[in-house]
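No hydrogens, no waters, no symmetry mates; every other heavy atom, side chains included, goes into these values.
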Amino acid sequence: MSEPVSVAIAILYQGDRYLMQLRDDKPNIVYPGVWTFFGGHMEPDEDPKVAVLRELQEEIGYTAPQVTLFECRVEDGIKRHVFYAPLTVGLEELTLMEGWDFGLWTADDVRRGDRYSPIAQQTRPIGKPHQKILLSFIDRIAPQLGT
């Protein structure tokens, strides 16, 4: 059995909303055309916290004031280091450098499992593992944050 691929991903929250990325609709990538978290593959021997901070900078030009580990889970050959952090700026201050679209989701959007993208001009689904992780976060951590 091979080692799982390690990724570091971020749940960015602003009040009771959660920033999600609509991935490019390219068949050669994982989760094409699906809403997911920002984040990505870790470099060899890279610390997960360093990786998630790097990915946020590379993907949306965001420097999180702090990130907190929510959980680490292995599923379908992927080891996901899931962090959470406040999104302290407006969307207009972010620059989407990777992906098709991005937007703030409500808990109802997450439960429903899809959201309309004005850029794609379509309703697109959230990735199943991402939905599961975010629903767990909404149930377990969001109430402590006052969101």
Side-chain angles (χ1 to χ4, degrees), residues 3-26 29-120 124-147:
E3 281 289 310
V5 173
S6 290
V7 299
I9 55 179
I11 298 170
L12 295 177
Y13 63 90
Q14 192 167 70
D16 61 353
R17 294 178 180 261
Y18 307 92
L19 186 65
M20 301 297 288
Q21 171 198 45
L22 180 58
R23 292 185 48 86
D24 289 315
D25 200 13
K26 297 177 181 174
I29 65 171
V30 179
Y31 299 106
V34 172
W35 292 98
T36 65
F37 300 114
F38 285 98
H41 288 90
M42 293 169 47
E43 302 295 332
D45 299 320
E46 187 176 31
D47 179 80
K49 186 174 184 177
V50 170
V52 77
L53 291 168
R54 174 184 54 75
E55 288 286 342
L56 291 174
Q57 192 58 234
E58 290 174 1
E59 293 181 356
I60 52 176
Y62 181 60
T63 302
Q66 81 263 352
V67 293
T68 303
L69 183 65
F70 170 52
E71 65 182 18
C72 187
R73 65 167 64 193
V74 178
E75 191 174 17
D76 300 325
I78 301 171
K79 184 175 187 177
R80 291 181 178 91
H81 300 266
V82 184
F83 292 87
Y84 64 95
L87 180 61
T88 58
V89 299
L91 295 185
E92 69 281 353
E93 294 185 48
L94 301 175
T95 303
L96 184 64
M97 294 178 268
E98 187 174 306
W100 196 0
D101 197 0
F102 67 138
L104 290 167
W105 284 51
T106 66
D108 287 342
D109 292 333
V110 178
R111 287 184 191 93
R112 189 180 59 251
D114 61 29
R115 185 159 184 260
Y116 181 77
S117 162
I119 303 276
R124 292 297 190 129
I126 187 173
K128 290 296 177 195
H130 309 91
Q131 182 184 36
K132 192 163 131 183
I133 290 166
L134 194 45
L135 287 173
S136 175
F137 178 84
I138 289 167
D139 289 343
R140 292 172 37 209
I141 303 296
Q144 300 169 28
L145 300 172
T147 65

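Residues Gln14 and Leu12 have side chains not in contact (no heavy-atom distance under 4.5 Å, counting atoms from C-beta outward). Counting heavy atoms from C-beta outward, Pro86 and Pro65 have side chains that approach closer than 4.5 Å. No side-chain heavy atom of Thr36 sits under 4.5 Å from any side-chain heavy atom of Val30. Taking the side chain as every heavy atom from C-beta outward, Tyr18 and Asp109 never approach each other to under 4.5 Å.
The heavy-atom pair separating Leu134 from Phe37 by the smallest distance is CB-CZ, 3.9 Å. Considering all non-hydrogen atoms of both residues, Tyr84 and Leu69 come closest at CE2-O, 4.1 Å. Across every non-hydrogen atom of Trp35 and Gly103, the tightest pair is CZ3-N, 3.9 Å. Between Arg17 and Thr106, the shortest heavy-atom distance links the atoms NH1-CG2, 3.2 Å.
Among residues at least two apart or in separate chains, there is no salt bridge (Lys or Arg N to Asp or Glu O under 4.0 Å) pair with a member in residues 61-70. Sorted by first and then second residue, the salt bridge (Lys or Arg N to Asp or Glu O under 4.0 Å) pairs with a member in residues 77-106 form an empty list; sequence neighbours excluded.
At least one donor-acceptor pair under 3.5 Å links the side chain of Asp47 to the backbone N or O of Lys49. A donor-acceptor pair is defined here as one N or O able to donate and one able to accept, closer than 3.5 Å; no such pair exists between the side chain of Trp105 and the backbone of Met20.
In this structure Asp24 satisfies the side-chain hydrogen bond (donor to acceptor under 3.5 Å, both in side chains) test with no other residue, sequence neighbours excluded. In this structure Arg73 satisfies the side-chain hydrogen bond (donor to acceptor under 3.5 Å, both in side chains) test together with Glu71, sequence neighbours excluded.
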For a quick test of your reading: what N or O donor-acceptor pairs under 3.5 Å do the side chains of residues 50-60 make, sequence neighbours left out?
unit_1, atom_1, unit_2, atom_2, d
Arg54, NE, Glu46, OE2, 2.8
Arg54, NH1, Glu58, OE1, 3.2
Arg54, NH1, Glu58, OE2, 3.3
Arg54, NH2, His41, O, 3.1
Arg54, NH2, Glu46, OE1, 2.9
Gln57, NE2, Tyr62, O, 3.4
Gln57, NE2, Thr63, OG1, 2.6
Glu59, OE1, Gly39, N, 3.0

Below 3.5 Å, can you tabulate the donor-acceptor pairs from side chains in residues 124-131 to any protein atom, sequence neighbours excluded?
unit_1, atom_1, unit_2, atom_2, d
Arg124, NE, Gln122, OE1, 2.5
Arg124, NH1, Gly33, O, 3.1
Arg124, NH2, Asp25, OD2, 3.0
Arg124, NH2, Gln122, OE1, 2.7
Gln131, NE2, Val110, O, 2.7
Gln131, NE2, Arg111, O, 3.4

Applying side-chain contact (heavy atoms from CB on, under 4.5 Å), run through Ile11 and Ile141 and close with a yes or a no.
CA-CA 11 Å; Ile11 298 170; Ile141 303 296; over 6 Å; no
Working note: Leu96 + Phe38, criterion side-chain contact (heavy atoms from CB on, under 4.5 Å); need CA distance, chi angles, decisive distance, verdict.
CA-CA 10 Å; Leu96 184 64; Phe38 285 98; 3.9 Å; yes
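Relative ring orientation between Phe137 and Phe70 is described as perpendicular, the plane-to-plane angle rising above 60° on a 0-90° scale split at 30° and 60°.
How far CD1 of Ile9 is from CZ of Phe83: 10.0 Å, rounded to the nearest 0.5 Å. Within the model, atoms CG of Asp16 and CG of Leu145 stand 11.5 Å from one another, a figure rounded to the nearest 0.5 Å.
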